[in-house]
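All ligand and atom numbering here is 1-based and tracks the order in the structure.
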Amino acid sequence: MMPSNDANPKNVDNTSPESQGESGRTNFIREIIDEDIKTGKFGGRVQTRFPPEPNGYLHIGHAKSICLNFGLAMDYNGKCNLRFDDTNPAKEEQEYIDSIINDVRWLGYDWEDRLFYASDYFEQLYQWAVHLIKDGKAYVDDLDAQQIREYRGTLTQPGKESPYRNRSVQENLDLFEQMRKGEFPDGTRVLRAKIDMASPNLNLRDPVLYRILHADHPRTGDKWCIYPMYDYAHGQSDSIEGVTHSICTLEFEDHRPLYDWVLDQLGIYHPQQIEFARLNLNYTVLSKRKLIRLVQEGHVKGWDDPRMPSLSGLRRRGYTPEAIRNFCDMLGVAKSNSTAEIAMLEYCVRQDLNKSALRVMSVLKPLKVVLTNYPAGQVEELDAINNPEDPNAGSRKVPFSRELYIEQDDFMEVPANKFYRLSPGREVRLRYGFFIKCEEVIKDEQGNITELRCTYDPATRGGDAPDGRKVKATIHWVSAAQALDAEVRLYNNLFDRPNPNDDSDGKDFTAYINPNSLEVLSTAKVEPGLAGAKAGTGYQFERLGYFCVDPDTTADKLVFNRTVTLRDDWAKIQKSSG
Ligand code: ATP
Ligand code: MG
């Protein structure tokens, strides 16, 4: 059955329920699938695949492809395979394979028993290459890579045929077998498809199908020293697996004629390649080549550095699979490239964490407060709500005593216009606690504020004054004696400009790394209920944002990553008051 190259059939009823995803919106790929189901192409089956090359960790761009491929399979009662496109042992490693498996699972998708590797098909792919040679459709070329490039021509000039193009079938078969046996050094010969050196599509100018590479493969070891190129391996792997819709990113549009050509020459089952626009994010790089450099050159601490757009980095930062899936769903599926805003991803993260994260109090930059009229040695327990968004989350007790910490930013000795929080002589509410009034400011010899002496009003327990007097601010706090020490890592964009990929000024993207992407606060204090908090757990630190326990946490010190700030109104208020 021949695939139609019409990527966007018209006259499709896109209001039919099967064409709509989680968001209820349709897209051009769903329209194609709906039409294929209607016409009985592929017998009504939907079989997709996610085909990562294990040469790096997955990033948020891959998440878009994962959500799309697995999501379509789920919605259409089809199947989605996880297939490693492991055809280049020079760059591929088991570490990457393991991380990819882990990340796809974490995102919430299941390939059941369909975990495949292109390397499983090496023998079949080789046999098909022999078939092409026998049909006069492929030949062994002795030109080196540089010469092949020169002979290829340009968009405006046709290519030149290789002097080796018209070898006999027998000579080609012998040479190809010798290539397989390891009789030639790397780079001395390749197998090329014999198509058309004058084709307007450069991908059809006798593309390379196999190259010699004496490298150990993570799965096949030293069994092979010739490896298939992506363009040759991919379509045939899709065919072997019975893929119906082979979804890839736009840069492969010009490769589709080659994808189709090989399948047609071999006369085997023919999936349909469909291209969509890849995800780009502002303030972010998403090319694996660049991400690997960030790791290897030490610009970040590793693939799972919370500043990385890798799924392992986002996970460590506290992003949830739900938030990432919602983000991908909101993005939709387009046919032309665009750049999404990181603010939209953060919006999705806030939406999800707002529902699920328990609220706690934490003071990032502590300022000591002594309540002069509170009995020394006394501790009382106040009720605090765990999650106002979730009635089932209940409440907890937080200790209150004579010595507290509040946020340095919540005090101004000379309050700016519109600053309503604590200042000398002024009264504010402590969250879940009492009204306190600042009576005295204590400073060290350098004039730095070291402590505030305040009084509290016992009649305001729980938050309101019986006499009806009002305060204009409520601030968070922790009780000094019971608070736990914590290190809090605040993250900002890793790049200082919206498009770090723009190299029009001739600079490398690393020139745009934001020097302030990480700020470590090592003297933070958190409420005692967080003792023993598990790595990966997310909390809302009231008034501050969402934070997640980092695996660097030890018995002595909790370590938190700021996942995302609260709604930006907070930043705005701070700016106008500070
Ligand atoms: P890079 O260009 O960063 O090296 P890649 O495309 O070579 O990435 P693969 O491992 O081959 O990485 O990608 C696996 C699948 O994920 C492919 O189908 C690819 O099209 C898709 N993919 C990769 N990056 C993105 C992206 N930014 N947006 C959407 N899909 C993507
Ligand atoms: Mg790729």
Item to check | Parallel, tilted or perpendicular: rings of Trp303 and Tyr96 (30°, 60°) | outcome: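 Tyr96 and Trp303: perpendicular rings.
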Atoms of ligand 1, numbered as shown, that sit under 4.0 Å from any heavy atom of [X]:
{"X": "Phe50", "result": "14 (C), 15 (C), 16 (O)"}
{"X": "Pro51", "result": "14 (C), 18 (O)"}
{"X": "Leu286", "result": "3 (O)"}
{"X": "Leu279", "result": "26 (C), 27 (N), 28 (N), 29 (C)"}
{"X": "Ser287", "result": "3 (O)"}

Checklist entry - So, for Glu253 and Pro257, which heavy atoms are closest and what is the spacing to 0.1 Å? => result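 The answer is O-CD, 3.6 Å.
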Checklist entry - Would His59 count as a contact of ligand 1 if the rule is a heavy atom under 4.0 Å away? => result yes
Counting only nitrogen or oxygen atoms and a 3.5 angstrom limit, does [X] reach ligand 1?
{"X": "His62", "value": "yes"}
{"X": "Ile247", "value": "no"}
{"X": "Glu53", "value": "yes"}
{"X": "Thr249", "value": "yes"}
{"X": "Lys288", "value": "yes"}
{"X": "Pro52", "value": "no"}

Checklist entry - Does a sphere of radius 6.0 Å around CZ in Phe184 hold more than 12 heavy atoms from other residues, nucleotides or ligands, not counting ones at 6.0 Å or beyond? => result yes
Next on the checklist: Distance to the ring centre below 6.0 angstrom and angle to the axis at most 45 degrees; does that hold for Lys335 and Phe28?
Outcome noted: yes
Checklist entry - Taking the six-membered ring of Tyr126, is NZ or CZ of Arg180 closer than 6.0 Å to its centre and within 45° of its axis? => result yes
Checklist outcome for this item: Filtering Lys91, Glu275, Arg278 for the heavy atom nearest atom 6 (O) of ligand 1 leaves Arg278
Next on the checklist: I'd like to check Met330 versus Tyr347 (side-chain heavy atoms, cut-off strictly below 4.5 Å). Are they in contact?
Outcome noted: yes
Next on the checklist: Is it the case that the ring center of Phe84 lies less than 6.0 angstrom away from the ring center of Tyr117?
Outcome noted: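 Tyr117 vs Phe84: aromatic centres under 6.0 Å.
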Checklist entry - Can Tyr230 and His255 be said to form a ring-ring contact (aromatic ring centres under 6.0 Å, His included), step by step? => result CA-CA 10 Å; Tyr230 170 89; His255 297 238; 7.3 Å; no
Item to check | ligand 1 contact on Phe252 by region, counting heavy-atom pairs under 4.0 Å | outcome: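 Neither part.
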Item to check | Those residues that, when tested against Cys548, pass side-chain contact (heavy atoms from CB on, under 4.5 Å) (two or more places apart) | outcome: Thr563
